[in-house]
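Worksheet: one structure, shown below.
Nothing here was measured: the structure is a model prediction, and the numbers come from that model. Only this structure's heavy atoms are used, side chains among them; waters, hydrogens and symmetry mates stay out.
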Amino acid sequence: MPTGAEEPGEGAGDSNADSEQGAASHRTAPIASDEVETLVPSAEHPHATTPGATPPPPLPRVPHSMAAPSRDGELRRTFPAFPSPAPRASSSDAGPDTSPRFAETWWGNAWIAALEQGALDPKRLARGRSYAEQGHVDAITVTPGVVLAYVQGSRPRPYRVQVRLRTLDDAEWARFLDVAVERPGHIAALLDRELPHSLADCGVPLLPGPRDLDPHCSCPDRGHPCKHAAALCYQTARLLDADPFVLLLLRGRGERELLDALSRLNAARAARAAQEREPAPLPGVRATEALAARRLPPLPPPLPAPAHPEQPPAYPAAPGGPDPFALDQLATDAAARAHALLTTGRDPVGELTLWQDAVRLAAARPGSGLTAGTRALYASLASAAQRTPSELARAVAAWRQGGLEGLAVLEEPWDPPAGRFDRARPLLLAADLPAFRPWRNHLSHPRGHVQLRFGRDGLWYAYESEPGDEDWWPRGTPDLDPVGALTGLGTPNDL
């Protein structure tokens, strides 16, 4: 127990009179309030003090968080500091109950009950609750068996607080997983951030008992718990309230590991159940009935096609299993092809070459930025087609501009017959544009930064490049009018 090692309001002195008497020998006698003059700087002497004036309010101190969320992973999660919790709603005539609620769910309240039933000093507990209400608890880090945070006391330096909880062994986890896959509702509840009573009462101690929480604090108070540890416990209840996977992480397993294990066990359980089921007997039909003439009822009208292909379900990662990213790409592409076949009656991929199909797959990837997943996809597709990722990126831009015909315009120059191609230059001159230089199906700006390409489909495709470079990239939207195809590439003065 501290004896003067902590400032007033800290340590065990809040509830131990003997400790207060021991600390009194190290303190000076109190000064009466009428013997003290309030001194503040005067106008003539800003650094001097004058009696009778009110001192300026101190500047607010901005707390510095000691959390390190950049180190988070599967078995380490960091949560930012909580704001003060909302007060309870009350319907009594005495007015609203202003004491905040730290938990709304039954498992969050079970955590608080374990804390309060195991506390040895109600006064320390009340001070810890007040600390939590006032936002003295910094960001909270949760790892297997440990909740860690820094709690601000009356001293400038915060205290380092840990609350330890025993992790479950492999046998207990096996029992928990077996009970979780017994009912489909258990997995659905966990995914909805709910903890069913039946899952918590499976014989495995998920929730702590009154003596299971083991607090440790760097303050000199040796109470169980001290008010800093109590404040951390109250804020931890809010974490558990929002996400029961925090409780499972405290017991030793991360969220992704648990979901993967539940997925594998659920699949194995379904496979065993299918093998154990006996095939249903086939009903017999008399030959005269089977050969009798009959009229079948008309087929029902087909259901309307969906507006767009749906996103297929995600496949969980498994050691030694297929690549989840590759499966997601194949499933997404299959859904898009099925939707096109359902709405148009034709498969747009049936007659594509390997290179054209690779460009189509890359162009179907949503978004315009090259994320890590998109770069991996481009590298894989380009390698399979014996091209470079840069060539694939240019081809994707052409595909997004005009589909298969846009890719042909990019890669296949041709000699158009006399007619529309020859009439394009006078149209450009009539629009106050300079004389474009012709080459096969290309019309190039004399400054070499804009180009029009005539497609076999009768459309004009605009391209841009840096002046003096032959680095042409598709731009804009194809148009029947060559002047219209240049719309959006710049003002007439720029062109």
Testing the basics here: between [X] and [Y], what is the closest heavy-atom pair and its distance to 0.1 Å?
{"X": "Asp214", "Y": "His216", "result": "OD2-NE2, 3.0 Å"}
{"X": "Ser198", "Y": "Val179", "result": "O-CG1, 4.4 Å"}
{"X": "Ala382", "Y": "Pro389", "result": "CB-N, 3.7 Å"}
{"X": "Ala229", "Y": "Val163", "result": "O-CG2, 4.3 Å"}
{"X": "Arg166", "Y": "Pro205", "result": "NH2-CG, 3.4 Å"}
{"X": "Leu247", "Y": "Leu206", "result": "CD1-O, 3.5 Å"}

Separation of [Y] [atom2] from [X] [atom1] (nearest 0.5 Å):
{"X": "Arg251", "Y": "Thr167", "atom1": "CZ", "atom2": "OG1", "value": "8.5 Å"}
{"X": "Arg157", "Y": "Ser218", "atom1": "CZ", "atom2": "OG", "value": "8.0 Å"}
{"X": "Leu165", "Y": "Leu249", "atom1": "CG", "atom2": "CG", "value": "11.0 Å"}
{"X": "Asp471", "Y": "Tyr463", "atom1": "CG", "atom2": "OH", "value": "12.0 Å"}
{"X": "His224", "Y": "Arg211", "atom1": "NE2", "atom2": "CZ", "value": "4.5 Å"}
{"X": "Glu411", "Y": "Leu407", "atom1": "CD", "atom2": "CG", "value": "4.5 Å"}

- Query: Run the salt bridge (Lys or Arg N to Asp or Glu O under 4.0 Å) check on Asp170 and Arg253 step by step: do they pass?
  - Reply: CA-CA 10 Å; Asp170 292 341; Arg253 295 286 177 93; 3.7 Å; yes
Could you tell me if the side chain of [Y] sits less than 4.5 Å from the side chain of [X], heavy atoms only?
{"X": "Leu125", "Y": "Leu115", "value": "yes"}
{"X": "Pro309", "Y": "Thr332", "value": "no"}
{"X": "Gln356", "Y": "Thr353", "value": "yes"}
{"X": "Arg269", "Y": "Arg264", "value": "no"}
{"X": "Leu392", "Y": "Val396", "value": "yes"}
{"X": "Trp107", "Y": "Leu240", "value": "yes"}
{"X": "Asp138", "Y": "Val151", "value": "no"}
{"X": "Leu262", "Y": "His186", "value": "no"}

- List the steps and the verdict of side chain to side chain contact (heavy atoms under 4.5 Å, CB included) for Leu195 and Trp106. CA-CA 9 Å; Leu195 184 62; Trp106 71 268; 4.2 Å; yes
Keeping the roles fixed (side chain from [X], backbone from [Y]), state whether a donor-acceptor pair exists under 3.5 Å.
{"X": "Thr343", "Y": "His339", "value": "yes"}
{"X": "Ser380", "Y": "Ala376", "value": "no"}
{"X": "Trp399", "Y": "Gly406", "value": "no"}
{"X": "His136", "Y": "Gln152", "value": "yes"}
{"X": "Arg76", "Y": "Val142", "value": "no"}
{"X": "Arg387", "Y": "Leu381", "value": "no"}
{"X": "Glu172", "Y": "Asp169", "value": "yes"}
{"X": "Ser383", "Y": "Ala379", "value": "no"}

- Item | Glu466 atom CD: more than 12 heavy-atom contacts under 6.0 Å | no
- Assess whether atom CG of Asp469 is packed by more than 12 heavy atoms of other residues, nucleotides or ligands within 6.0 Å. yes
- Using the side chain to side chain contact (heavy atoms under 4.5 Å, CB included) rule, take Trp473 and Ser465 through it: C-alpha gap first, then chi angles, then the decisive distance, then the call. CA-CA 6 Å; Trp473 281 78; Ser465 175; over 6 Å; no
Less than 4.0 angstrom from a charged side-chain N to a carboxylate O is my criterion; do [X] and [Y] meet it?
{"X": "Asp72", "Y": "Arg77", "answer": "no"}
{"X": "Arg475", "Y": "Glu464", "answer": "yes"}
{"X": "Glu255", "Y": "Arg193", "answer": "yes"}

Hydrogens and angles aside, do [X] and [Y] bring a side-chain donor and acceptor to less than 3.5 Å of each other?
{"X": "Asp241", "Y": "Thr105", "result": "yes"}
{"X": "Tyr131", "Y": "Gln235", "result": "no"}
{"X": "Gln386", "Y": "Trp355", "result": "no"}

- Is there a side chain to side chain contact (heavy atoms under 4.5 Å, CB included) between Tyr234 and Glu133 once you walk through the steps? CA-CA 9 Å; Tyr234 279 116; Glu133 293 170 2; over 6 Å; no
- Could you check Arg127, Arg124, Lys227, Lys123 and say which one makes a salt bridge (Lys or Arg N to Asp or Glu O under 4.0 Å) with Asp221? Arg124
- Query: Where do Arg175 and Asp178 land on the salt bridge (Lys or Arg N to Asp or Glu O under 4.0 Å) test, with the steps shown first?
  - Reply: CA-CA 5 Å; Arg175 170 62 181 162; Asp178 288 340; over 6 Å; no
- Message: Would you call the rings of Tyr159 and His228 parallel, tilted or perpendicular, taking 30° and 60° as the class edges?
- Response: tilted
- Assess whether side chain to side chain contact (heavy atoms under 4.5 Å, CB included) is satisfied between Trp173 and Leu258, documenting all intermediate values. CA-CA 10 Å; Trp173 277 117; Leu258 280 174; 3.7 Å; yes
- Leu239 pairs by side-chain contact (heavy atoms from CB on, under 4.5 Å) with which of Leu250, Ile140, Val147? Ile140
